[in-house]
Amino acid sequence: MPTKLTREQMEYLVHQVQRYFKEERSETLGNLETEELIAFFSKELGPLYYNQGVQDSRKLLVERMSSLEDELYVLEKPIHKNK
C-alpha cells in the first residue's frame, strides 16, 4: 500500500537529495533521476520505517494501557464481608 507524496513534498525531497549529492558527492542529479531515486528508497526503506513506527506505537500503547489498568485498580472500593 504505497503512500503518495504531495507535489510539495516531492519537490522538497528532490531539492534536498539534489543538494546532498551536490554538496557531499559533487554530483548533479536531474529531477527525473532524483524522483526515481526517491521512489526506490521509498519502496525499499519505507516499510522498514513504517513497521518501526507501528512497533513504537504498540509499545507506547501497551505502556499506557498498563498505567490505565493500575489507575483502575486504585478506583476499586473494598468489599467488607459481614461475619
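Every heavy atom of this structure was used, including side-chain atoms; hydrogens, water molecules and symmetry mates were not.
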Query raised in the report: Under the side chain to side chain donor-acceptor pair (under 3.5 Å) test, which residues partner Q52, sequence neighbours left out?
Result: D56
Query raised in the report: According to the salt bridge (charged side-chain N to carboxylate O under 4.0 Å, His left out) rule, which pairs have a member within residues 13-40, sequence neighbours left out?
Result: R7-E35, R19-E23, R25-E27
Query - Cluster overlap V17 with Y49, hydrophobic side-chain contacts below 4.5 Å - result: yes
**Report entry** 4.5 Å side-chain heavy-atom contact, K59 and S57
**Finding:** no
Less than 3.5 Å apart, which donor and acceptor atoms pair up between the side chains of residues 64-75 and the rest of the protein, not counting sequence neighbours?
none

Query raised in the report: Checking side chain to side chain contact (heavy atoms under 4.5 Å, CB included) against V14, which of E11, Q16, Q18 comes through?
Result: Q18
Query raised in the report: How many angstroms lie between CG in N31 and CE in M10, if you round to the nearest 0.5 Å?
Result: 10.5 Å
**Report entry** Atom pair CG/CD1 of L45 and I38 - distance to nearest 0.5 Å
**Finding:** 12.5 Å
Query - Nearest heavy-atom neighbours spanning P47 and S42 - result: CD-O, 3.7 Å
Query raised in the report: Linking I/L/V/M/F/W/Y whenever any side-chain heavy atoms sit under 4.5 Å apart, do L5 and L48 land together?
Result: yes
Query raised in the report: Within a strict 4.5 Å, meaning less than it, do heavy atoms of the L37 and F21 side chains meet?
Result: yes
